[in-house]
Amino acid sequence: MTSQFPHLLEPLDLGFTTLKNRVIMGSMHTGLEDRAKNTARLAEFYAERARGGVGLIVTGGYAPNRTGWLLPFGAKLTNRMEAHRHRTVTKAVHDAGGKIALQILHAGRYSYQPLSVSASSIKAPINPFRPRRLTSRGVRWQIRNFVRCARLAQTAGYDGVEIMGGEGYFINQFLCDRTNKRTDEWGGTPDRRRRMAVEIVRRTRAAVGPNFVILFRLSMADLVEGGQSWDEIVALAQEVESAGATIINTDIGWHESRVPTIVTSVPRAAFVDVTEKLAEHVSIPVVASNRINMPEVAEEILTRGEVQLISMARPMLADPMWVRKAEAGAPDEINTCIACNQACLDHAFVNKHVSCLLNPRAGRETELTLLPTRRKKNLAVVGAGPAGLSAALNLAQRGHAVTLFEARDDIGGQFGIAQKIPGKEEFAETIRYFRRQLDLAGVDVRLGTRVEAAELIASGYDEVVIATGVVPRVPDIPGIDHPKVLSYAEVVRDGRPVGKSVAVIGAGGIGVDVSEFLTHEHSPTLDVKEWKQEWGVTDPESAPGALTTPQPSPSPREVYLLQRKPGRIGAGLAKTTGWVHRAALKAKGVHEISGVNYERIDDAGLHVSFGEKRERPRTLAVDTVVICAGQESVRDLADELTVAGMTTHVIGGADVAAELDAKRAIEQGTRLAAGI
Ligand code: FAD
Ligand code: NAP
Ligand code: SF4
């Protein structure tokens, strides 16, 4: 068979079993693991990915005992009753032609509960609970629990287990001097710090026999002070290989690291060099991971021949048919994960079930179904932003006749502006996906067409979906019509010239993004080398933990970012990405000013004061003022059509502008389409 991706789609013979291709769906905690009542949903979630052709699925993490829980009463696998329940999952995956391994995850000092344990009693900076230091006997008990968990997984029908040895969790805590201050047989020297990890693998192999996959997730760059040296990492890899591991999977960075490792501004495949470097030292298959989201990238890595497998987690949320589309030579049909974290990791961190901004069906496969319609309707969708795009596509895929009107010359709406922000280049993939899929689904797309109510009424559509979105709010500030004032859309989308000093009014998600835009010299693609310099990441061989001093490139402008409310700028940004934005703005020297009153704008600049009494007047002598003060709904069409008696549905920003994001817009569009 000739294929566009021959290496990616080549089977991998592990001796006792064969993986049908080189794609591993990496472990993701969906939240469905935590409660028995969600087992059927979880089974269908995995089965859909198995049908999509992935070679091996790794489940979310299961603790080997209560001390290892991620959260109180979180997922664990400790007895036969729990193992029996897992049969629903393994059967569903096997029936769908897939293979699945259970991840054993002991959170150690990251366990968010008072029972937590670790090598030493050192609190993690991101967890209020101080772990209890294990006794030597306690360590042996933990090892037995890992082995018991693996045996139970085997009886539950899993094809293997993944032992989580990275991300700053329990095993990783034993491996590093940073968190292991013991002087007994489990610490004090690098080989004694490694001993627990190696014992777990050795005893697991002895317990499960030779015909069971054992993946070891190995931290190849801890990205924290006091992380492992390169020699220690290589020794660990070689020892877990000798102890019986089948595959070594890559892990990069601890949760408490100051370096982002998977958000969208991290360049694609940014850490593959480390995996390739390690692969030279072992003879078992090694897996590359982190920010690999398209078949071309995966194929290029595999073609170089150092690593044998690619792990992708979030891309399988965004598109369960990822592998099938690669097999069909149609990568342009893939709904590419944009690494936004908005519906996956951000949900996980607030105890919500994981889904996907681009694919709201993820994790809800049994609930949100999009079946072929039994009554074809003639539908108009107005507005090709995320809300209109998702509605139009899903409606057409269900069999309706759909006409999509868009006033501008391209689809995307506000999301099209987002793709121009440095570090958000991936957002262009979403526009590409919709463009291709609208074409395949036969949607009649009318670009450059600002449709009027009269035309919609005259055309006799059965129903109209109003997805006309939002426009930037124009705040009521004296001098707002001064020539130095621009909207964010004029700056980012239209490329209007901006001076050397700029005040940004409004510090929500868009104000922060615009500040990033203004503080970067723009390049069309993300450069891995430059990015590593900016964040202070080096070759793990030159520094333990792979950290060095960050060297951010200087900002081409002086930027002031302002908000009226008191308190920290960016406090409302998302948990897993907000800190990255705040660190980036700090590195670029953005002046952050809270609690301002906007007095006026004139030739001298932006005049502000502080407090209710409008004290401490200050003039920011800026060349340009960029307005990022939120948005307002565009919904005049809806009102006119309703008066005319047409069946209309209002979604996305046209419905509610406050706290609007693409996640809500796409989910609303999809749910509406499921119901028409
Ligand atoms: P819009 O995107 O506003 O789309 C409405 C569309 O309707 C427009 O294309 C408009 O031209 C068209 N239209 C209006 N009237 C008519 C008419 N009469 N006839 C034909 N067409 C019409 N969201 C996130 O979730 N994550 C992010 O990281 C993120 N980053 C962002 C960064 C920036 C810089 C910006 C500007 C936005 C960002 N957003 C982000 C917000 C996100 O883009 C919006 O929430 C989303 O686009 C709203 O979708 P919508 O479809 O409701 O409306
Ligand atoms: P936003 O988050 O609501 O922020 C609007 C900002 O404008 C606030 O800082 C607000 O702060 C200020 N403001 C509001 N009314 C004002 C007025 N009349 N005069 C002056 N200032 C005013 O909206 P946004 O930044 O426009 O973002 C829109 C949506 O896009 C957000 O909801 C977000 O979800 C999404 N988005 C997400 C990301 C992401 O990375 N996830 C990135 C970009 C955008 P004060 O009232 O304190 O001044
Ligand atoms: Fe990827 Fe964002 Fe979807 Fe998460 S929510 S899977 S990061 S596209």
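On a predicted model such as this, the values are computed, not experimentally measured, just so you know. Whatever order the structure lists them in is the order used to number ligands and atoms, beginning at 1.
Using a cutoff of 4.0 Å between basic side-chain nitrogens and carboxylate oxygens, Asp494 and Arg496 are not scored as salt-bridged. Taking the charged nitrogens against the carboxylate oxygens, Glu599 and Arg614 do have a contact shorter than 4.0 Å, which makes a salt bridge. Remark: Arg664 does not engage Glu659 in a salt bridge, criterion side-chain N to carboxylate O under 4.0 Å. Using a cut-off of 4.0 Å between Lys/Arg side-chain N and Asp/Glu carboxylate O, Arg671 and Glu367 are scored as salt-bridged. Of the charged side-chain nitrogens involved, at least one lies within less than 4.0 Å of a carboxylate oxygen, so that Asp251 and Arg217 count as a salt-bridged pair. One finds no salt bridge joining Arg432 and Asp332 here, because no Lys/Arg side-chain nitrogen approaches an Asp/Glu carboxylate oxygen to under 4.0 Å.
Ligand 1 lies less than 4.0 angstrom from a heavy atom belonging to Ala467. By the 4.0 Å heavy-atom criterion, Glu516 is excluded from the residues contacting ligand 2. Ligand 1 has no atom lying under 4.0 Å from any heavy atom of Leu389. Within the 4.0 Å heavy-atom cutoff, Leu660 counts among the residues contacting ligand 2. At a 4.0 Å cut-off, not a single heavy atom of Ala574 sits close enough to ligand 2 to count as contact. Within the 4.0 Å heavy-atom shell around ligand 1 one does not find Val492.
By the criterion of a heavy-atom distance under 4.0 Å, neither the backbone nor the side chain of Lys663 is placed next to ligand 2. Under 4.0 Å from ligand 3, heavy atoms of Cys356 appear from its side chain as well as its backbone. Contact annotation for Ala387 and ligand 1: heavy atoms of both the backbone and the side chain come within less than 4.0 Å of the ligand. If you look at Asp661 next to ligand 1, the close heavy atoms, those under 4.0 Å, come from the backbone and the side chain alike. With a 4.0 Å heavy-atom cut-off, ligand 1 is reached by the backbone of Leu660 and by its side chain too. The part of Leu317 lying near ligand 3 is the side chain, judged by heavy-atom distances below 4.0 Å. Heavy atoms of Lys424 found under 4.0 angstrom from ligand 1 belong exclusively to the side chain. Contacts of Gln342 with ligand 1, taken as heavy-atom pairs under 4.0 Å, involve the side chain alone.
For ligand 2, the polar-atom distance check against Gly508 finds a nitrogen or oxygen pair separated by under 3.5 Å. By the 3.5 Å distance cut-off applied to N or O atoms, Ile505 is not counted among the residues near ligand 2. Considering backbone and side-chain atoms together, Gln414 places an N or O closer than 3.5 Å to an N or O of ligand 1. For the pair Ala654 and ligand 1, the shortest N or O to N or O distance does not fall below 3.5 Å. Between Gln631 and ligand 2, at least one pair of N/O atoms sits closer than 3.5 Å. Not one N or O of Tyr598 is nearer than 3.5 Å to an N or O of ligand 2, by distance alone.
Looking only at heavy atoms of the protein, atom 37 (C) of ligand 1 is closest to Ile510 CD1, 3.8 Å. Closest to atom 21 (N) of ligand 1 among all protein heavy atoms lies Ala407 N, 3.0 Å. Ranking protein heavy atoms by distance to atom 49 (O) of ligand 1, first place goes to Pro386 CD, 3.3 Å. Scanning the protein for heavy atoms near atom 11 (O) of ligand 1, the closest one is Glu406 OE2, 2.7 Å. Looking only at protein heavy atoms, the nearest one to atom 40 (C) of ligand 1 is Ala662 N, 4.7 Å. Looking only at heavy atoms of the protein, atom 38 (C) of ligand 1 is closest to Ala418 CB, 4.1 Å. Nearest to atom 19 (N) of ligand 1 among the protein's heavy atoms is Val451 N, 3.2 Å. For atom 43 (O) of ligand 1, the nearest protein heavy atom (residue, atom name, distance) is Phe415 N, 3.2 Å.
Of all the atoms in ligand 1, the ones that sit under 4.0 Å from a non-hydrogen atom of Val470 are 3 (O). For ligand 2, the atoms closer than 4.0 angstrom to any heavy atom of Asp661 are 34 (O). Of all atoms in ligand 1, listed by their number and element, those nearer than 4.0 Å to a heavy atom of Ala665 are 49 (O). Atoms of ligand 3 found under 4.0 Å from any heavy atom of Leu357 (numbered from 1 in listed order, with element): 3 (Fe), 5 (S). Close approach of ligand 1 to Tyr488 (heavy-atom distance below 4.0 Å) involves ligand atoms 36 (C). Taking a cut-off of under 4.0 Å to the non-hydrogen atoms of Arg473, the atoms of ligand 2 that pass are 14 (C), 15 (N), 18 (N). Of all atoms in ligand 1, numbered sequentially from 1 with element shown, those under 4.0 Å from a heavy atom of Thr449 are 19 (N), 20 (C). For ligand 1, the atoms closer than 4.0 angstrom to any heavy atom of Gly413 are 2 (O), 4 (O), 8 (C), 9 (O). Annotation for ligand 2: atoms under 4.0 Å from non-hydrogen atoms of Ala507 are 9 (O). Short contacts between ligand 3 and Ala339, defined as distances under 4.0 Å to a heavy atom of the residue, involve ligand atoms 1 (Fe), 7 (S). Proximity to Cys344 (heavy-atom distance under 4.0 Å) selects the following atoms of ligand 3: 4 (Fe), 5 (S), 6 (S), 7 (S). Annotation for ligand 1: atoms under 4.0 Å from non-hydrogen atoms of Arg408 are 11 (O). Taking every non-hydrogen atom of Glu659 and a distance limit under 4.0 Å, the qualifying atoms of ligand 2 come out as 32 (O). Within ligand 2, counting atoms from 1 as listed, the ones closer than 4.0 Å to a heavy atom of Lys565 are 9 (O), 11 (O), 45 (P), 47 (O). Interface atoms of ligand 2 facing Pro475, defined by a heavy-atom separation under 4.0 Å, are 17 (C), 18 (N), 19 (N). Ligand 2 places these atoms under 4.0 Å from at least one heavy atom of Gly630: 5 (C), 7 (O), 23 (O), 26 (O). Close contacts of ligand 2 with Asp513, meaning ligand atoms under 4.0 Å from a residue heavy atom, involve 42 (C), 43 (C). Below 4.0 Å from some heavy atom of Phe405 lie the following atoms of ligand 1, by number and element: 20 (C), 21 (N).
Within a 6.0 Å sphere centred on CD of Glu615, other residues, nucleotides and ligands contribute more than 12 heavy atoms.
Note that atom 31 (C) of ligand 1 has protein non-hydrogen atoms nearby, at separations under 4.0 angstrom. Distance check on atom 1 (P) of ligand 1: some protein heavy atom falls below the 4.0 Å cut-off. In this structure, atom 44 (C) of ligand 2 has a protein heavy-atom contact shorter than 4.0 Å.
At a cut-off of 2.8 Å, Cys340 is not counted among the residues with an N, O or S atom near atom 1 (Fe) of ligand 3.
For the side-chain hydrogen bond (donor to acceptor under 3.5 Å, both in side chains) test with Arg268, the passing option among Glu426, Glu425, Glu296 is Glu426; the others fail.
Although no hydrogens or angles enter the test, the distance criterion places no donor-acceptor pair under 3.5 Å between the side chain of Lys588 and the main chain of Leu518.
Nearest-residue assignment for atom 13 (N) of ligand 1 (options Val512, Val514, Ile421, Thr468; heavy-atom criterion): Thr468.
Ring geometry, His591 versus Tyr560: the interplanar angle falls under 30°, so the pair is classed parallel (tilted spans 30 to 60°).
Trp322 and Asn293 make their closest contact through NE1-O, 3.0 Å (heavy atoms, listed as atom of the first residue, atom of the second, distance).
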